[in-house]
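Shown next, in structure tokens, is the structure this report addresses.
For the numbers below, each heavy atom of this structure counts, side chains included, while hydrogens, waters and symmetry mates do not. Note that the structure is predicted; figures quoted are calculated from it, not measured.
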Amino acid sequence: MNSTLVFSFRPSTLSTVAFLDETNSWLALLGRAHPDFSEWWIPPQGPGGDFVSFRNRNNIIERMGSDAKRLDAEYGVGAGGGRTSVASMVLTNAGCEKDWHRKGRVALYVNLGMGQLRLAISVIDGAYRDPGALLWSLLSCTAEDSRVQFAQTNVRQKLGSELVLYSRDRAPFPHRDYLGWMGYVNVALTQDQLPEAARLERRGQGTLILSTEVLDLSDPHAVMQANQVEMRLVDLELLPVIDPALK
């Protein structure tokens, strides 16, 4: 099973130094959730390449410049994002191939330009004994930051020969945003308002929501519970329409 935890916040375009500072503040929150998420690297550009530690700022800036020049050369000037501002970066929580596999083949997509932090953990059920507890801890620690406006958790699972994605194949509203297995809304909610949820917990100005204890996409009862939570969030006007044709 693969999982993706996504945090949404206000978009920003920052200088390289400011981008690194902002990214570091997000990494610190993830690091509080679990030791495996306390150190970060830029992955190699290709086979045999080096992982670049996020702690080494000079090397990171050099690598960012190298990546931008490579994109400019391949796709035209400007494709690399310019030299004075930065919008996005991809990181992983391992400094070598062996550790990368052991920790679940993590990819962290930091896109401040879109206002999004996307943490993808492949084979999470193979790398961690309790995937739900790990994701809840990552959600809980990161959502403490007042910048977070919304968070959601997607799940991808192979069922027989079919690769099923919750947001695409099991969510009740394809034209709306989804919450998924667990997430966060920047509104204070009570259990009376969302009785379908397995757990609610106040965090900052908002609420952490666990839709179901275990989201197994082959379990119709677990999927139904997650769906019912999203239906109630629609009633509360907390899942916006995302299909422009329906706005």
Side-chain angles (χ1 to χ4, degrees), residues 1-9 12-74 79-83 85-129 131 134-135 137-145 147-148 151 153-154 156:
M1 183 173 71
N2 300 348
S3 67
T4 303
L5 181 56
V6 182
F7 298 93
S8 298
F9 44 88
S12 60
T13 301
L14 304 172
S15 68
T16 297
V17 171
F19 176 92
L20 294 177
D21 288 340
E22 188 87 354
T23 298
N24 197 54
S25 70
W26 290 111
L27 300 183
L29 294 169
L30 295 172
R32 289 171 49 193
H34 192 282
D36 279 359
F37 298 84
S38 60
E39 297 284 342
W40 294 89
W41 289 261
I42 292 183
Q45 292 176 321
D50 294 327
F51 289 79
V52 181
S53 172
F54 196 81
R55 287 182 177 273
N56 193 324
R57 178 162 292 204
N58 289 337
N59 286 357
I60 288 287
I61 291 174
E62 181 180 345
R63 173 65 178 274
M64 291 168 69
S66 172
D67 288 347
K69 289 178 181 177
R70 178 173 51 83
L71 289 172
D72 285 348
E74 291 181 12
R83 304 292 182 268
S85 64
V86 182
S88 63
M89 172 183 284
V90 180
L91 297 167
T92 188
N93 65 336
C96 67
E97 195 81 15
K98 181 180 178 181
D99 287 346
W100 184 68
H101 283 276
R102 178 179 61 81
K103 293 181 178 180
R105 304 203 304 266
V106 168
L108 178 66
Y109 302 89
V110 183
N111 196 324
L112 303 186
M114 289 183 60
Q116 192 176 88
L117 195 71
R118 181 180 295 266
L119 178 65
I121 309 176
S122 300
V123 292
I124 187 173
D125 49 344
Y128 295 96
R129 181 176 299 178
L134 172 67
L135 288 172
S137 181
L138 290 164
L139 172 67
S140 179
C141 288
T142 307
E144 285 184 359
D145 195 287
R147 291 171 293 181
V148 177
T153 306
N154 214 351
R156 186 175 63 178

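In plain terms, the two heavy atoms of R63 and V52 that are nearest each other are NH1-CG2, 3.5 Å. Scanning both residues, S53 and I60, for their nearest heavy atoms gives O-CG1, 3.4 Å. The shortest heavy-atom contact between K103 and Y128 is O-OH, 3.3 Å. Of all heavy-atom pairs between M64 and F19, the closest is CE-CD2, 4.3 Å. Taking every heavy atom of both residues into account, L138 and T142 meet most closely at O-OG1, 2.9 Å. The two atoms that bring F7 and A151 nearest to each other are CD2-CB, 3.7 Å, heavy atoms only.
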CA sep, side-chain torsions, deciding dist, call: W100, T92, side chain to side chain donor-acceptor pair (under 3.5 Å): CA-CA 8 Å; W100 184 68; T92 188; 3.2 Å; yes
side-chain contact (heavy atoms from CB on, under 4.5 Å) evaluation trace for L14 with L112: CA-CA 8 Å; L14 304 172; L112 303 186; 3.7 Å; yes
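Under the 4.5 Å side-chain criterion, counting only non-hydrogen atoms from C-beta, R57 is not in contact with T16. At least one side-chain heavy atom of L108 sits under 4.5 Å from a side-chain heavy atom of L27. With contacts defined as side-chain heavy-atom distances shorter than 4.5 Å, the pair M114/Y109 does not qualify. Put simply, the side chain of L134 reaches to within 4.5 Å of the side chain of I124, judged on heavy atoms. Counting heavy atoms from C-beta outward, I121 and R105 have side chains that stay 4.5 Å or more apart. The side-chain heavy atoms of L20 and M89, taken from C-beta on, include a pair separated by under 4.5 Å. In this structure the side chain of T23 never reaches within 4.5 angstrom of the side chain of W40, judged on heavy atoms. Side-chain contact between L135 and L119 is absent, with no heavy-atom pair separated by less than 4.5 Å.
Other residues, nucleotides and ligands contribute only 12 or fewer heavy atoms inside 6.0 Å of the CD atom of E62.
Partners of D99 by salt bridge (Lys or Arg N to Asp or Glu O under 4.0 Å), not counting sequence neighbours, listed by chain and number: R102. When the salt bridge (Lys or Arg N to Asp or Glu O under 4.0 Å) test is applied to R147, the partners found at least two apart in sequence or on another chain are E22, D145. Residues that satisfy the salt bridge (Lys or Arg N to Asp or Glu O under 4.0 Å) test with E39, not counting sequence neighbours, are R55.
Atom CG of L30 sits about 10.0 Å away from atom CG of L91, to the nearest 0.5 Å.
In this structure a side-chain-to-backbone donor-acceptor pair under 3.5 Å is present from N2 to V123. Side-chain N or O atoms of S137 include one that pairs as donor or acceptor with a backbone N or O of A33 at under 3.5 Å.
For F9 and W26, the gap between ring centers is short of 6.0 Å.
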